[in-house]
Amino acid sequence: MAGHSKWANIQHRKGRQDEKRGAAFSRIAKEITVAAKMGGGDIGFNPRLRVAVDKAKAANMPKDKIDTAIKKGTGELEGVEYIEVRYEGYGPGGAAIMVDCLTDNKTRTVAEIRHAFNKNGGNLGSEGSVVFQFKHCGQLIFAPGTDEAALMDAAIEAGAEDVTGNDDASIEVITAPADFIAVKEALEAAGFTPEFAEVTMKPEGESLLAGEDAVKMQKLLDVLEDLDDVQQTYTTAVMDE
């Protein structure tokens, strides 16, 4: 998505996260708990936990909430048993959507996801129906005005897979998921701080939506992201401003 509104889309997402900080803390806490349960509570030996804790710090999540979430994952404190589940489907205009959830009740979650799709012009698909349209990778976005040549040199030296200059002058660095933390730390040490950085499912292509389709798609994404069990949404949709 080297394109139309990369920077605007990133700023929109960050703005929504700030507006819904309480919900964001809850989602991050779930991710920390699951990561700690799967790989232990030491961020030095658990890359997934390290990414989740970094996300928590970036969101200004209090340290005590981070520690509590880790202890729930390691069993030091009693906590809810969450399972990971992914739903795939299509939204208005035929754009692909994937929804990653952490839930303690799959029956409730799938009912809420299906209702959101059906009520907002989408169609919930079967497993594997759209995942091939996305790439699992580390993604770092740097603000317009960043020295692209210097960033590219530093990124390549750090082991990044690709560096792309977008139409809106932002710069995107792509890494293998396993290399994300090392590349991010190397770039920060070189003086390059990303505005957005996470391990994600990056669309391999884009579906440009305008008019009513764009409005409906944004409504569907908003409804999905407001569900308690939803951790992240991914879409090929790009809304034309």
Steps toward side-chain contact (heavy atoms from CB on, under 4.5 Å) verdict (Met239, Leu221): CA-CA 12 Å; Met239 271 62 85; Leu221 294 175; 4.0 Å; yes

Electrostatic pair Asp54:Arg50 at N-O distance under 4.0 angstrom: yes

Just one of Asp229, Asp228, Asp100 clears the salt bridge (charged side-chain N to carboxylate O under 4.0 Å, His left out) bar with Lys30, so which one? Asp229

Single-linkage hydrophobic cluster Val80~Leu227, side-chain heavy atoms < 4.5 angstrom: no

Asn120 and Pro92 have their tightest heavy-atom pair at O-CG, 3.6 Å

Begin from the C-alpha positions of Ser170 and Asp168 and carry the test side chain to side chain donor-acceptor pair (under 3.5 Å) through to its verdict. CA-CA 6 Å; Ser170 64; Asp168 56 13; 2.7 Å; yes

Check the pair Ile171 / Asn166 against side-chain contact (heavy atoms from CB on, under 4.5 Å), numbers first and verdict last. CA-CA 6 Å; Ile171 304 171; Asn166 295 311; over 6 Å; no

Stepwise salt bridge (charged side-chain N to carboxylate O under 4.0 Å, His left out) check, Glu81 with Lys72: CA-CA 9 Å; Glu81 290 286 331; Lys72 286 181 179 179; over 6 Å; no

Say you draw a straight line from CG of Asn123 to CD of Glu88; how long is it, rounded to the nearest 0.5 Å? 12.5 Å

Heavy-atom closest pair, residues Leu220 and Gly122: CD2-CA, 4.4 Å

At what distance, to the nearest 0.5 angstrom, does CD of Gln139 lie from CZ of Phe196? 5.0 Å

Looking at CG of Leu102 and OH of Tyr82, how far apart are the two atoms once the value is rounded to the nearest 0.5 Å? 8.0 Å

Do Val130 and Leu209 share a hydrophobic cluster, counting only Ile, Leu, Val, Met, Phe, Trp and Tyr and linking them when any side-chain heavy atoms are less than 4.5 Å apart? no

Report yes if the side chains of Lys106 and Thr103 come closer than 4.5 Å at any heavy-atom pair, otherwise no. yes

Closest non-hydrogen atoms of Ile181 and Pro47, given as atom of the first, atom of the second and distance, are CD1-O, 3.5 Å

Do Pro62 and Phe25 have side chains that approach each other closer than 4.5 Å (heavy atoms only, starting at C-beta)? yes

Atom of Ala160, atom of Val183 and distance for their closest heavy-atom approach: N-CG2, 4.0 Å

For Glu127, is there an ion pair with Arg86 - N to carboxylate O distance below 4.0 angstrom? no

Side-chain contact test, heavy atoms from C-beta onward, threshold under 4.5 Å: evaluate it for Met61 versus Val53 and give yes or no. no

Heavy-atom donor-acceptor pair, Asn46 side chain to Gly40 backbone, under 3.5 Å: yes

Any donor-acceptor pair under 3.5 Å linking the side-chain atoms of Thr175 with those of Asp179? no

Quick one: pull up CE in Met217 and OG1 in Thr236 and give me the separation to the nearest 0.5 Å. 6.5 Å

When rounded to the nearest 0.5 angstrom, what distance separates CD in Glu148 from OG1 in Thr164? 8.5 Å

To check you understand the geometry: which heavy-atom pair defines the closest contact between Thr33 and Ala69, and what is its length? OG1-O, 2.9 Å

Tell me the closest heavy-atom pair linking Ala154 and Phe192, and the distance in Å. CB-CE1, 4.1 Å

Let me see the working for Glu84 and Gln231 under side-chain contact (heavy atoms from CB on, under 4.5 Å), right down to the final yes or no. CA-CA 10 Å; Glu84 296 179 281; Gln231 290 293 107; over 6 Å; no

Any chance you could lay out the side-chain contact (heavy atoms from CB on, under 4.5 Å) test for Ile70 and Leu49, step after step, and finish with the verdict? CA-CA 9 Å; Ile70 292 174; Leu49 180 61; 4.2 Å; yes

Euclidean distance, Gln218 CD relative to Lys216 NZ, rounded to 0.5 Å: 14.5 Å

